[in-house]
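So you know, we letter chains A, B, ... as the sequences are listed, proteins then strands, and number each from 1.
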Amino acid sequence: MPIKKDRLKWIYERMCLIRKFEDHVHDEFAAGAIAGFVHLYAGEEAIAVGTMANLRDDDSITSTHRGHGHCIAKGVDINAMLAEIYGKATGACKGKGGSMHIADMTKGMLGANGIVGAGPPLACGAALAAKLRGTDQVTACFFGDGASNQGTFHESLNLASIWDLPIVFVAENNVYAETTSTDYSMRVPNIADRAVAYGIPGVVVDGMDVFAVYDAAAEAVARARKGKGPTLLEGKTYRYYGHFEGDTILYRTKQEEQSYKDRDPILQFHKRVLEEGLLSEDQLAKIDQQTDTTLKKAKIFAAASPFPEPQECLEDVYVKYP
Amino acid sequence: MPEREITYREAINEAFVQEMQRDPNVILLGEDIAGAPGRDDPDMLDAWGGVFGMTKGLVGKFGSQRMLDTPISESAFIGAAVGAAASGMRPVVELMFVGFCGVCLDQIVNQGAKLRYMFGGRAKVPVTVRTTIGAGLGAAAQHSDCLYSIFTHYPGLKCVLPATPADAKGLLAAAIRDDDPVIYFENKVLYETKGPVPEGEHVVEIGKANIVRQGTDVTVVALSRMVNVALEAADILNKEGISIEIVDPRTISPLDEQTILDSVRKTERLVVVDEDHPRCSMATDIIALVATKAFEYLDAPARMVTPPHTPVPFSPVLEKFYVPDAQRIVKAVMAVVPQKR
Ligand SMILES: Cc1ncc(C[n+]2csc(CCOP(=O)(O)OP(=O)(O)O)c2C)c(N)n1
Ligand SMILES: [Mg+2]
């Protein structure tokens, strides 16, 4: 099914916003304005956006340490995201979580996560809640190639398969887990091949092509929504920056990096929509500008926001603790 | 032994070189402990050497047969280290951050810790589990815990937490040579700190506390990085004419009770400084020790300086509030000494 014009615009807008957001955070980290562990999503935009384009606001997602892209694609307020990354009181988590834990329960965004492989069990829970309540909500569970070697991943696929849970497991195979490439860390060529062990569909797509991701996700989401159970969807992709900010990136070649950048998801999209006459040069330029403005506002918002009061450290541990 | 100043990180690395040369059964396992595993390109060899560079250079010296980079499968590879230890190897396995222990706790506490006992003493498990602890890097709740106290709760595990480069080297050597499972806690804020470290073989006996600074008025037991914070406090207090005795237990299981009790009997006052969560902790354990074995010597209630009972917050402002600093130690010490003026 062709993608509607408004959706196409949304896809372009979200991909641009993620890229610009990440480039900005990269610069800010390099300038020493941001503390902690920061993992950037630049290069992988097509997966988050192509998947989320098929989700509703009331659907849920689980994320990873590399979560900014998932947040933006799920509609988390970028003012609150940026403020969180600086540790400001107006941040999505009031400064308690930082880059690695941005969440927005009102958007069904169950949190970026510092524990590799922690998302799949949580996704099973979100999907179970939907199933037991008889809603048709779907959960998308994002995780990396490295996470697919974690026991929690395998246990969750099994659980989701026997209970026909409405989940799309979205493997973001960006070739590396830190410095460790998938040729070393697994014997099967594709993460999706592992679906066989759990009797569910396993699908591999080009994760640099948002159209391909969109189509595959559409099918997997529809299947989940109809109560037919989970799908394991794998997007082959690449992260442009290091594993985390500060990484020296000695484990991959410049040629390899370039080979992915040549297929950049945003440039590819740009080219294709023009070639096929789906969007005009003007429309794209306008979206580009809009995203600049959105990011600029977020920067102003974050900069103007106060830090939390130190005492706020003590709040939010429990709902009630006499 | 001649000494020179090196960093905590270099001291750890030196202990590895020393122990790997000494015993071919010593192998290392962990995620990206060398880096770029399986790649032929010599420029990529050792791409990381551990997330903080602690194991850099070892793969070049000892080869990838003894420096095993692992997939992200902590249950499997930490369990494998336990199993290999029970089968005659002497593995050192890295759990990158202690907060990840939830992923693989069974293999450590139910397997590693208990095999010997359950088998009636007919097994030994000489495994070392290295892990990193501590707040201060803005790494937020899942990457900043200390959690060493929970491991002391398990009979069968030994726990060591070096605060200085010299102890980092000596305790790592001791942990590796020890025939029981030892959990070795590296404080990630200490990697760049420098101190004198003996060249050549250096082993620090497990179970021996260190009196870091002699004093007369108050015993301050400080753990891991808090030793340095206590030293800062000691300088401030000195100017007030108060002399504290800083005791670094160095190993918390077994705990050198004697050194702590002797110090308290001398100063008659106790403050414990612990960066771990405050409930059921080393701080409460040490105070319980003194309350049960030296209560009559105490001239004031013991005090503990710890973070609040919360996870570690991200924001630099909140994290600063969270981690005990020298001023908090000074306040606690002032509260237990009689006012001189
Ligand atoms: C349980 C656990 N083990 C190890 C880590 C350290 N770590 C953080 S990200 C990462 C690599 C993750 O690789 P992958 O799942 O492929 O995601 P990517 O970073 O490539 O997006 C590792 C090993 C962690 N955070 N949690
Ligand atoms: Mg990866």
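- Atom NZ of K261(A) sits in a crowded spot, with more than 12 heavy atoms from other residues, nucleotides or ligands closer than 6.0 Å.
- Of the two parts of D247(A), only the side chain, counted from C-beta on, holds a non-hydrogen atom closer than 4.5 Å to a non-hydrogen atom of chain B.
- Across all their heavy atoms, F307(A) and S315(B) have their closest contact at CD2-OG, 3.9 Å.
- Residue V317(B) comes nearest to P310(A) through the heavy atom pair CG1-CG, 4.0 Å, listed as atom of the first residue, atom of the second, then distance.
- For H143(B), the ring-ring contact (aromatic ring centres under 6.0 Å, His included) partners are F37(A), F97(B), F100(B), not counting sequence neighbours.
- Nearest approach of A177(A) to D32(B), heavy atoms of both residues: O-OD1, 3.8 Å.
- There is no contact between I249(A) and chain B, counting heavy-atom distances below 4.5 Å.
- Contact annotation for A141(B): only backbone heavy atoms (N, CA, C, O) come within less than 4.5 Å of a heavy atom of chain A.
- If you measure heavy-atom distances from D43(B) to chain A, the contacts under 4.5 Å come from the backbone alone.
- Interface residue T253(A): backbone and side-chain heavy atoms are both found under 4.5 Å from chain B.
- Of all residues in residues 321-330 of chain B, those placing a non-hydrogen atom less than 4.5 angstrom from a non-hydrogen atom of chain A are F321(B), Y322(B).
- Here CD1 of I72(B) is found 11.0 Å from CD1 of I115(A). Values are rounded to the nearest 0.5 Å.
- The CD1 atom of I33(B) sits 10.5 Å away from atom OG1 of T179(A), with the distance rounded to the nearest 0.5 Å.
- Annotation: maximal heavy-atom pairing with chain B below 4.5 Å, among Y251(A), F244(A), Y318(A), Y184(A), occurs at Y184(A).
- The candidate with the highest count of non-hydrogen atom pairs below 4.5 Å against chain A, out of K320(B), H309(B), E31(B), is H309(B).
- The number of heavy atoms from other shown groups lying within 6.0 Å of CD (Q65(B)) does not exceed 12.
- Here the closest non-hydrogen pair linking D183(A) and R39(B) is OD2-NH2, 3.3 Å.
- Using a 4.5 Å cut-off between heavy atoms, E309(A) touches chain B through its backbone atoms (N, CA, C, O) alone.
- For residues 94-103 of chain A, the interface with chain B (any heavy-atom pair closer than 4.5 Å) comprises K94(A), G95(A), K96(A), G97(A), G98(A), M100(A), H101(A), sorted by residue number.
- For F153(A), no part lies near chain B; criterion is any non-hydrogen pair under 4.5 Å.
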Output side-chain donor-acceptor pairs under 3.5 Å for residues 73-86 of chain B, partner residues at least two apart or in another chain, one line each.
unit_1	atom_1	unit_2	atom_2	d
S73(B)	OG	N149(A)	O	2.7
E74(B)	OE1	Q150(A)	NE2	2.7
S75(B)	OG	V103(B)	O	3.0

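- Taking every heavy atom of both residues into account, L318(B) and C313(A) meet most closely at CD2-N, 3.7 Å.
- More than 12 heavy atoms of other shown residues, nucleotides or ligands fall within 6.0 angstrom of atom CD in E256(A).
- Checked by atom type and distance alone, the side chain of Q142(B) pairs as donor or acceptor with a backbone atom of G114(A) at under 3.5 Å.
- Nearest heavy atom pair, residue H243(A) against residue W48(B), reads CD2-CH2, 3.8 Å.
- Taking chain B as the reference chain and counting heavy-atom pairs below 4.5 Å, the highest number among K88(A), Q311(A), E312(A), E315(A) is found for Q311(A).
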